[in-house]
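Heads up, the thing below is written out as structure tokens.
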Amino acid sequence: MAASPKAELDDTTLKAAPVDSAAALLPLVVLQNRSDFLRAARAKRVPCGAFLLQARKRDETEPGGLRVGFTCSKKVGNAVIRNRAKRRLREIARAELPRAGLPGWDYVLVGRADRTISEDFAKMRADLNRALKKIHGAQT
RNA sequence: GUGGAGGGCUGGACGGCCGCUUGGGUGGGUUCGCCCACCCGAGAGGAAAGUCCGGACUCGCUGAAGCAUUGGUGCCGGGUAACGCCCGGGCAGGGCAACCUGACGGAAAGCGCCACAGAAAUGAAACCGCCCCACUUUGGUGGGGUAAGGGUGAAACGGUGGGGUAAGAGCCCACCGGGGCACUGGAAACAGCGCUCGCAUGGCAAGCCCCACCAGGAGCAAUGCCUAAUAGGGACCGCGCGCCGGGCUGAUCCUUCGGGAUAUCGCGGCAGGGGCGCUUCACCCCGAGCGGUCCGGGUUGGCAGCUUGAGCCUGCGGGCAAUCGCAGGCCCAGAGGAAUGGUCGUCUAACCUUGGGGUAACCCAAGGGGGACAGAAUCCGGCUUAUAGGCCCUCCACGCGU
RNA sequence: CGGGGCGUGGCGCAGUCUGGUAGCGCACCUGUUUUGGGUACAGGGGGUCGUAGGUUCGAAUCCUGCCGCCCCGA
């Protein structure tokens, strides 16, 4: 099941990572395969009030840096609500993950009905930060 | 002033910080695929929605004509690329009116259905009746006439009035309704008018159907190209492997080197087979293989298609209008686990509370509160559905005043 | 993008084609049988037929528009 063509795909990411390391920021790569989402869902999960964080440390053979995905099912709402929820999740991921996340991990943020839209933005950032520390603290 | 009808527009505003996609320019890097930084611009809707119709576009899914099948449309005329859409008109129904609504062809082409009730539910018949005659034990019985009345039903074989009669009946008459014919107006639907026919001929076609008209199929995951990988596969079934020609050259064989053989391979032609449900014609493919079904394997990478279009704005002109023509100007989202934003602040409508004013609708002040439905996915024309609030125009009825 | 199916008492389904009475099983309630329970028997209650219109004298059924759910193909 080792996906050899994917090495070509993620080559630019691997190369770009050390270039930006001077800024101490990890670039975010978006998850695209359904299997990646399913594997992340089977791994660690931490509820954060307004959303749910799923995280998985990839095998050494799997390439790629820090990867992130977003899930908002139909339970969250109609298309407008879902897109808005995903945009808010994307913003807190952009704000927190480059600092608190680790390379070699997959993170999936799952939106929830009503709360992902209405929760205070600063609280959501703090929740994500706390959840990341909880995961990585348990790891070590 | 109150109540109502029709149409059009709009769909929160401004700013700070941090981001995303994309066009152009400059500079830099590059494995020449592209990547990075800065500057200047652009970046959701009236329904982007539902996916209900109609198109554009693409496809060696063969093309055209006719027929059949299936599906759709259905008063008339116009508009349009086209439509089941729009405009105008007619007719019918509703409303005092402005105006609204209408799947609005055909029921003497045929088939079918019309429960219950009722005598009878379609080309008739007669339950209670009414009338006449005969008989009579005066209670009725039998025969005949009749369809006005009663009763049933959603619907009962024209309606009302009069004449007429034993009682009645379009049996006769007037008016209304209906059929037929002619004329007039109109482009037509249709309307008007005249003559004529005393006139049994219900309803349902969103039951089958008939008539007229219109439609081939699949869909941007269409389709084309590039890179990587590879496969060049297997099983079963059906129909086939026919005829003719020319030969010494494209092979092959024989040879006395002049030439000969042509079964076989190849060549040309014809049958034949396949490519649209059928037929005909044309075209293409096969011609010794072809067609069908199934299984197995590979692929979800990139680019194009992809946004200049039945386009938008302004003006003039034709037309009652839908809309069309001409001239000038403009370029206006192109994502792809899917950009078009996140957050904070100020203001402004809905709404709520309190206080004041007013007969009332409402107005003023303060505080709170916080925007409706909803997110492009190839692109257009419609339809349908959802939608807080605001603005504008026209018209009608009633009441009051002049 | 395209195609198909479903919606009927609490649950699972008939009835829809061919219009006129909404029915079946389980569950529920009451009674009898039993010392009691179960079983069995008898009786009973309960349905805006997803929704809004239309056609018809009359609609779960026919037609149209919406709503929700499920499945399939590229």
Side-chain angles (χ1 to χ4, degrees):
Chain A
M1 280 306 265
S4 55
K6 208 170 289 178
E8 290 278 325
L9 190 71
D10 292 332
D11 193 22
T12 57
T13 315
L14 282 171
K15 189 178 51 151
V19 172
D20 282 6
S21 64
L25 287 178
L26 291 169
L28 300 182
V29 177
V30 177
L31 288 181
Q32 294 196 347
N33 290 334
R34 174 176 166 78
S35 56
D36 289 334
F37 280 87
L38 292 176
R39 268 177 285 183
R42 280 198 300 271
K44 300 175 185 306
R45 38 175 63 194
V46 178
C48 298
F51 58 96
L52 176 74
L53 176 69
Q54 301 171 339
R56 178 178 74 97
K57 182 174 172 57
R58 289 194 303 277
D59 298 338
E60 299 298 326
T61 57
E62 293 181 74
L66 193 160
R67 302 200 300 180
V68 64
F70 306 93
T71 299
C72 287
S73 72
K74 272 190 175 179
K75 287 178 189 171
V76 175
N78 61 21
V80 175
I81 303 289
R82 287 201 304 274
N83 284 341
R84 183 173 160 82
K86 275 192 276 186
R87 286 196 297 260
R88 295 195 85 199
L89 293 176
R90 203 175 293 141
E91 283 297 313
I92 62 171
R94 190 172 66 86
E96 298 299 328
L97 275 180
R99 283 197 297 263
L102 293 175
W105 282 68
D106 284 352
Y107 302 97
V108 174
L109 279 74
V110 181
R112 286 190 174 169
D114 302 329
R115 299 194 59 181
T116 307
I117 300 297
S118 57
E119 193 80 349
D120 182 70
F121 189 73
K123 183 177 184 305
M124 285 175 71
R125 285 183 64 173
D127 285 344
L128 177 62
N129 206 357
R130 184 155 34 80
L132 288 169
K133 280 176 181 163
K134 184 175 177 184
I135 283 175
H136 297 313
Q139 181 75 10
T140 51

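Sequence lines set the chain letters: A, B, ... in the order given, protein chains first and strands last, and positions in each chain run from 1.
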Involving RNA chain C, stems made of at least three consecutive Watson-Crick or G-U pairs, both distances under 3.5 Å: C:1-7 with C:67-73, C:10-13 with C:23-26, C:28-32 with C:40-44, C:50-54 with C:62-66

Nucleotide opposite B:A365 in a Watson-Crick or G-U pair, distances under 3.5 Å: B:U354

Nucleotide forming a Watson-Crick or wobble pair with B:A37, both distances under 3.5 Å: B:U26

Side-chain N or O of A:Arg84 closer than 4.0 Å to phosphate OP1/OP2 of B:G342: yes

Rounded C1' spacing from B:A115 to B:G88 in Å: 47 Å

Watson-Crick or G-U wobble partner of B:G389, both distances under 3.5 Å: B:U10

Any-strand Watson-Crick or G-U partner of B:G289, both distances under 3.5 Å: B:C239

Shortest side-chain distance from A:Phe121, nucleotide among B:U343, B:A339, B:G341: B:U343

Nucleotide B:G341, atom P - distance to CG of A:Asn83 in whole Å: 11 Å

P spacing across the pair B:U21 / B:G16, given as an integer number of angstrom: 23 Å

Anti versus syn assignment for B:C332, with syn defined as within 90° of 0: syn

Between the protein and nucleotides 16-18 of chain B, which nitrogen or oxygen pairs come in under 3.5 angstrom?
from: B:C18; atom 1: O2'; to: A:Arg94; atom 2: NH2; distance (Å): 3.4

